[in-house]
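Below is one structure, written out as structure tokens, with a few remarks after it.
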Amino acid sequence: MLRSLVEQVLKNIQTVIVGKEEVIRLVLAAILCEGHVLLEDVPGTGKTTLARALAISLGCTFRRIQFTPDLLPSDVTGLMWFNQKTQEFEYRPGPIMANIVLADEINRATPRTQSALLEAMQERQVTSDGITRPLPRPFFVIATQNPVELEGTFPLPEAQIDRFMIKIGLGYPSPQEENALLERFQRSDPLETLTAVTHPEAIQEAQAMRRQVRVEASVRDYIVRMAQATRENPEIQLGASPRATLNLFYMAQAWAALDGREFVLPDDVKHVAPYVLGHRLIVSPQAMLRGRRREDLINEIIAAVPVPVEVR
């Protein structure tokens, strides 16, 4: 049932997004894990369109927050305002009160405003004027970054980057995909006619089903050894955190579920590891001077950690 639901959502999104099946599957896997996604790519590759198509397909509420240097934390979480008619203070919800929130160009806001997302992303709640309010479920943050234009931006601190389950990029389309894109958008925007294929309650049921995917002790040990290898590598200054280990565990479960299996294989772990671990590692200055990249180090670690040979 879970695989059927995901295939419906995937097919619906692909009526708008041309290609990018791998990226869409990774985003859907993160939703099954109740995680958040960091999209880093150049402008115009479809990051916002993907977020909108995802929200419509899932039947979820959607809000977009355009992060700018003058954005305040209360602009994200909401604030108390005085109602002159009732002579009482009332809470005006911020855009964070939605199922799917697009934090567009998150690195353009100040660290004070960026931190307004921390409680929401981790605890699924926001605190305004000393009052804590729960966020709607499911709750999912898609944040975007432009890696090209860095002037006037505030790089995300490691504590906040670590709260994103995966980091992915859409990349440029192939010539065939770009040709199909022109044909699809020639007469109208398919996003305007997109309809929901599921609802939030079904998403929560799917998230509960993902937790039932079996992970054998040998595969758990494989996940732990991979995380330990990032901490012991002399070319890595900061390795994967225990939160990263948990996220790798959850994403492997989701990837197995997307494949229609009730158990996790080591190949599931190897497939999602670059997306889960890549943005969390800090390469040492000496390794950077030698031209070493995170992607190379992760691939070497994945190749070096022994794979369990018997998994049912």
Side-chain angles (χ1 to χ4, degrees), residues 1-39 46-47 49-60 99-100 137-142 164-171 177 194 196-216 218-220 222-223 226 244-279 298 302 307-308 311-312:
M1 190 183 85
L2 190 152
R3 185 182 186 183
S4 174
L5 173 66
V6 169
E7 291 299 329
Q8 289 179 32
V9 175
L10 174 65
K11 185 178 179 181
N12 202 51
I13 294 176
Q14 285 187 318
T15 62
V16 178
I17 303 293
V18 179
K20 309 303 178 187
E21 181 175 339
E22 173 83 357
V23 172
I24 299 172
R25 285 186 177 275
L26 285 166
V27 173
L28 292 174
I31 289 180
L32 292 179
C33 302
E34 302 181 66
H36 310 287
V37 172
L38 181 60
L39 286 177
K47 300 185 293 295
T49 303
L50 173 60
R52 291 180 60 195
L54 179 69
I56 295 173
S57 299
L58 297 180
C60 294
N99 295 123
I100 296 180
R137 305 297 291 270
F139 176 72
F140 182 60
V141 173
I142 300 178
F164 288 99
M165 180 162 282
I166 57 174
K167 176 185 174 183
I168 51 180
L170 273 72
E177 291 173 343
L194 197 67
V197 296
T198 185
H199 49 86
E201 292 75 16
I203 300 302
Q204 290 181 280
E205 291 176 11
Q207 290 172 340
M209 293 172 64
R210 187 270 309 165
R211 299 186 189 99
Q212 306 305 316
V213 175
R214 190 172 73 254
V215 185
E216 296 292 342
S218 58
V219 179
R220 291 201 307 269
Y222 178 56
I223 293 172
M226 191 175 292
T245 310
L246 271 173
N247 288 350
L248 184 57
F249 179 89
Y250 295 152
M251 280 293 292
Q253 281 184 310
W255 201 252
L258 294 186
D259 201 32
R261 283 182 280 106
E262 298 179 357
F263 56 92
V264 174
L265 294 174
D267 285 344
D268 299 320
V269 180
K270 294 170 70 173
H271 190 92
V272 300
Y275 305 104
V276 176
L277 302 178
H279 59 293
I298 291 174
I302 293 173
V307 179
V311 181
R312 296 188 201 178

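Computed from a predicted structure; not experimentally measured.
A 4.5 Å side-chain heavy-atom check between Leu265 and Asp268 finds at least one atom pair inside the cut-off. For the pair Thr198/Gln8, no side-chain contact is recorded, criterion being any heavy-atom separation below 4.5 Å from C-beta on. In this structure, Thr245 and Met226 have side chains that are not in contact, with every pair of non-hydrogen atoms separated by 4.5 Å or more. No side-chain heavy atom of Lys11 sits less than 4.5 Å from a side-chain heavy atom of Val197. Two residues are said to be in side-chain contact when any heavy atoms from C-beta on lie closer than 4.5 Å; Phe140 and Met165 fail this criterion. Between Val27 and Ile168 the shortest side-chain heavy-atom distance falls below 4.5 Å.
Between the side chain of Gln207 and the backbone N or O of Ile31 there is at least one donor-acceptor pair closer than 3.5 Å.
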Exercise answer: donor-acceptor pairs, residues 49-57 side-chain atoms, under 3.5 Å, sequence neighbours excluded:
unit_1 : atom_1 : unit_2 : atom_2 : d
Ser57  : OG     : Asn12  : ND2    : 2.9
Ser57  : OG     : Ala53  : O      : 2.8

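Heavy-atom minimum distance, Trp255 versus Ala29: CE3-CB, 4.3 Å. Of all non-hydrogen atoms in Ala256 and Val213, the two that sit nearest each other are CB-CG1, 4.2 Å. Taking all atoms of both residues into account, the shortest heavy-atom contact from Leu32 to Ala254 is CB-CB, 4.2 Å.
Relative to the six-membered ring of Phe249, Arg220 misses at least one condition, a distance below 6.0 Å or an angle of at most 45° to the axis.
Rounded to the nearest 0.5 angstrom, Asn99 CG and Arg137 CZ are separated by 10.5 Å. If you take CD1 on Ile24 and CG on Leu170, they are separated by 8.0 Å, rounding to the nearest 0.5 Å. The structure places CG of Leu39 at 8.0 Å from CD1 of Ile166, a figure rounded to the nearest 0.5 Å. In this structure, CD1 on Ile223 lies 11.0 Å from OH on Tyr250, to the nearest 0.5 angstrom.
For residues 20-29, every residue pair satisfying the salt bridge (Lys or Arg N to Asp or Glu O under 4.0 Å) rule, not counting sequence neighbours, is listed here: Glu7-Arg25, Glu21-Arg25.
Open room surrounds CD on Glu262; 12 or fewer heavy atoms of other groups in view lie less than 6.0 Å from it.
Between His36 and Phe164, the ring-plane angle classifies as perpendicular under the 30° and 60° cut-offs.
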